[in-house]
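The structure under discussion appears below in the form of structure tokens.
Nothing fancy with the numbering, it's 1 onward along the sequence.
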Amino acid sequence: MFRLMFLVAAYFVFAYPILRCLDWLTGDTVLAVMTSSVAWLVGIVGMRYSFNGPNMRVRYVVVHWLGAGFILASATLIAEVVRLLTVYSDRDIATGTLLGAGVVTIFSILMSHHISVRQVEVFSGKVTRPWRVVQLSDVHIGSRQGGFMERIIRPIQGLQPDFVAITGDLIDSSAVDIEALQSLDQLKMPVYFVIGNHERYADLDKMMDMSRKLGMRTLRQQSETLEEFCITGIDDAEDRGQVSRELPKIDRDREKFNILLYHRPVGWEAALEHEIDLMLSGHTHKGQIFPFNLMVRQQFNRIHGLYRKRNRFLYVSPGTGTWGPLMRLGSFNEISVFNIRPTG
């Protein structure tokens, strides 16, 4: 089923827009079919090689083709409707589609370089003074270069948080070395880290070694106390029952303000049951490139922002970086800042 879905998705991104736009431009259906078929094959091989092979340059080209192809394919679907409802010529429709997709692609690349800082206010009777916590999620060094990590660290230093929480997908390639993450050394406050799915896909042992050398506190089915806080981390898993299964096994001080770090936004119900005051997640990227968020929403009920029940909270980060293409459309790279203040 996964292979079939992969082939269909590759056809939609790599072949379909070429097939339709070339046919509309030239009127030569045979040429359009042959060209799009070759593009489909090259796209499939490129995807397999870029994520399994060591050549980062090949991956960089393929993933940007993937992102631009997704935007062009979405624009082509809109063009299909325009073609049915208007009297514009096929050539004009194809030209407009290509120009429109090109402008949107350039805009999305520019947006991927902007980092926003979002402030979130949380009140609790479990703290006696104001605290500031910064969340990073889905930085994706590998898809992003090491210099991007330095750009993230600078505003964090200005924010002066009490501690930093990284909720997975810090890296997404086994080719990432410790030098790309070295700027984390500049953070003098505690840095807590939990693994995401991409650490598991890439090289988990290497990531754990880098985490240790960088002084991060990696939480794997365990908790640590920090003054008024109890911070718990659970490994990411495909199993949607991971939090409900692992959280009851972890020894925690429930009198303190309890924070749960878990990569994907599932298991909040179990977190509520076990008195977690604030659950921090990521994974969804808020879809990263519209209209992909519509598909993400089919898989996750909560894809971005702050959710509240019984004075307990879940926050889903849209991600601090980008996976695959350096593109953002309808979403932002975000450093999330939580100002946790005493009630009253």
Side-chain angles (χ1 to χ4, degrees), residues 120 122 124-139 152-153 156-157 159-171 181 184-196 199-200 204-205 207-237 242-268 270-283 312-317 320 335-342:
V120 179
V122 173
S124 173
K126 291 185 175 182
V127 297
T128 58
R129 69 167 178 88
W131 290 78
R132 176 168 288 170
V133 179
V134 162
Q135 178 195 12
L136 305 178
S137 193
D138 303 273
V139 179
I152 294 169
I153 296 303
I156 293 177
Q157 290 174 316
L159 289 164
Q160 298 183 322
D162 294 284
F163 61 91
V164 173
I166 304 177
T167 51
D169 285 5
L170 180 60
I171 68 168
L181 304 176
L184 284 163
D185 269 347
Q186 299 172 30
L187 297 178
K188 303 309 178 186
M189 69 291 298
V191 178
Y192 296 94
F193 171 68
V194 292
I195 67 170
E199 277 85 19
R200 294 190 287 111
L204 184 54
D205 290 339
M207 182 64 240
M208 292 302 96
D209 182 58
M210 292 192 295
S211 172
R212 178 180 56 79
K213 290 177 179 176
L214 290 166
M216 294 194 293
R217 305 180 185 190
T218 303
L219 300 176
R220 305 189 66 187
Q221 289 68 253
Q222 62 193 106
S223 67
E224 280 195 15
T225 57
L226 177 67
E227 296 188 40
E228 297 186 297
F229 289 82
C230 178
I231 305 155
T232 302
I234 296 177
D235 287 2
D236 175 78
Q242 173 81 334
V243 171
S244 61
R245 181 176 59 253
E246 297 297 334
L247 188 56
K249 302 176 186 176
I250 301 170
D251 185 32
R252 296 179 293 114
D253 185 345
R254 301 193 182 198
E255 297 301 313
K256 296 183 181 294
F257 188 95
N258 271 251
I259 296 180
L260 172 64
L261 311 180
Y262 185 63
H263 178 60
R264 60 187 72 199
V266 295
W268 188 35
L272 290 169
E273 180 182 344
H274 292 280
E275 300 177 34
I276 295 294
D277 297 288
L278 174 62
M279 178 174 172
L280 300 180
S281 299
H283 186 64
R312 294 193 169 96
F313 304 88
L314 162 69
Y315 190 80
V316 184
S317 167
T320 313
I335 296 171
S336 310
V337 183
F338 300 90
N339 299 301
I340 304 174
R341 308 180 189 278

- Output field: ring centroids Phe229/Trp131 closer than 6.0 Å: yes
- Message: Rounded to the nearest 0.5 Å, what separates atom CZ in Arg217 from atom CZ in Phe193?
- Response: 15.0 Å
- For residues His283 and Thr167, determine if any side-chain heavy atom of one lies less than 4.5 Å from a side-chain heavy atom of the other. no
- Query: Between Thr232 and Ser223, which heavy-atom pair has the shortest distance, and what is it?
  - Reply: OG1-CB, 3.3 Å
- Find the distance between CD1 (Ile335) and CD1 (Ile156) and round it off to the nearest 0.5 Å. 5.0 Å
- Task: State, to 0.1 Å, how close Gly282 and Val316 come at their nearest heavy-atom pair, and which atoms those are.
- Result: O-CG1, 3.9 Å
- Item | Minimum-distance pair of heavy atoms, taken over all atoms of Arg212 and Asp209 | NH2-OD1, 2.6 Å
- Verify side chain to side chain donor-acceptor pair (under 3.5 Å) between Glu228 and Thr128, making sure each step is shown before the conclusion. CA-CA 8 Å; Glu228 297 186 297; Thr128 58; 2.7 Å; yes
- Distance col, row Met189:CE vs Gln157:CD, nearest 0.5 angstrom, shows 7.5 Å
- Look up atom CG in Leu260 and atom OG in Ser281, then write down how far apart they are to the nearest 0.5 Å. 7.0 Å
- Query: Between the side chains of Ser137 and Thr320, does any donor sit under 3.5 Å from an acceptor?
  - Reply: no
- Message: Show me the pairs that pass salt bridge (charged side-chain N to carboxylate O under 4.0 Å, His left out) and involve residues 126-139, at least two apart or across chains.
- Response: Lys126-Asp277, Arg129-Asp162
- Would you say Thr225's side chain and Asp253's backbone share a donor-acceptor pair under 3.5 angstrom? no
- Message: Is there a side chain to side chain contact (heavy atoms under 4.5 Å, CB included) between Tyr262 and Met279? Walk through the geometry before answering.
- Response: CA-CA 7 Å; Tyr262 185 63; Met279 178 174 172; 4.1 Å; yes
- Query: Can you tell me how far NE2 of His263 sits from CG of Asp169, rounded to the nearest 0.5 angstrom?
  - Reply: 3.5 Å
- Indicate yes or no: at least one non-hydrogen side-chain atom of Val120 is less than 4.5 angstrom from one of Val337. no
- Query: Do any N or O atoms from the side chain of Arg252 and from the backbone of Ile231 form a donor-acceptor pair under 3.5 angstrom?
  - Reply: no
- Task: Would you mind checking if Glu275 and Arg254 are paired as a salt bridge, meaning a charged N to carboxylate O distance below 4.0 Å?
- Result: yes
- Atom CG in Leu226, atom NZ in Lys256: separation rounded to 0.5 Å? 9.0 Å
- Query: Going through the checks in order, is the side chain to side chain contact (heavy atoms under 4.5 Å, CB included) test met by Leu214 and Asp185?
  - Reply: CA-CA 6 Å; Leu214 290 166; Asp185 269 347; 3.8 Å; yes
- Tell me, do Gln135 and Tyr192 make a side-chain contact under 4.5 Å, heavy atoms counted? no
- Item | Test item: Glu199 and Ile171 side chains (from C-beta on) under 4.5 Å apart, heavy atoms | yes
- Message: A side-chain contact here means heavy atoms from C-beta on lying under 4.5 Å apart; do Val194 and Ile166 qualify?
- Response: no
- Query: Has the side chain of Glu273 got a donor or acceptor atom that lies under 3.5 Å from a matching backbone atom of Ala271?
  - Reply: no
- Message: Any non-hydrogen side-chain atom of Val127 less than 4.5 Å from a side-chain atom of Arg341?
- Response: no
- Message: Counting C-beta onward and ignoring hydrogens, is there a side-chain heavy-atom pair between Phe313 and Ile276 closer than 4.5 Å?
- Response: no
- Message: I want to check something: taking the side chain as every heavy atom from C-beta on, are Asp235 and Gln242 in contact at a cut-off of under 4.5 Å?
- Response: yes
- Query: side chain to side chain contact (heavy atoms under 4.5 Å, CB included) between Met210 and Met216: does it pass, once the steps are laid out?
  - Reply: CA-CA 9 Å; Met210 292 192 295; Met216 294 194 293; over 6 Å; no
- Pair Val164-Leu184, side chain to side chain contact (heavy atoms under 4.5 Å, CB included): steps then yes or no: CA-CA 11 Å; Val164 173; Leu184 284 163; over 6 Å; no
- Item | Exercise: identify the closest heavy-atom pair between Ala165 and Leu261 | CB-CD2, 3.7 Å
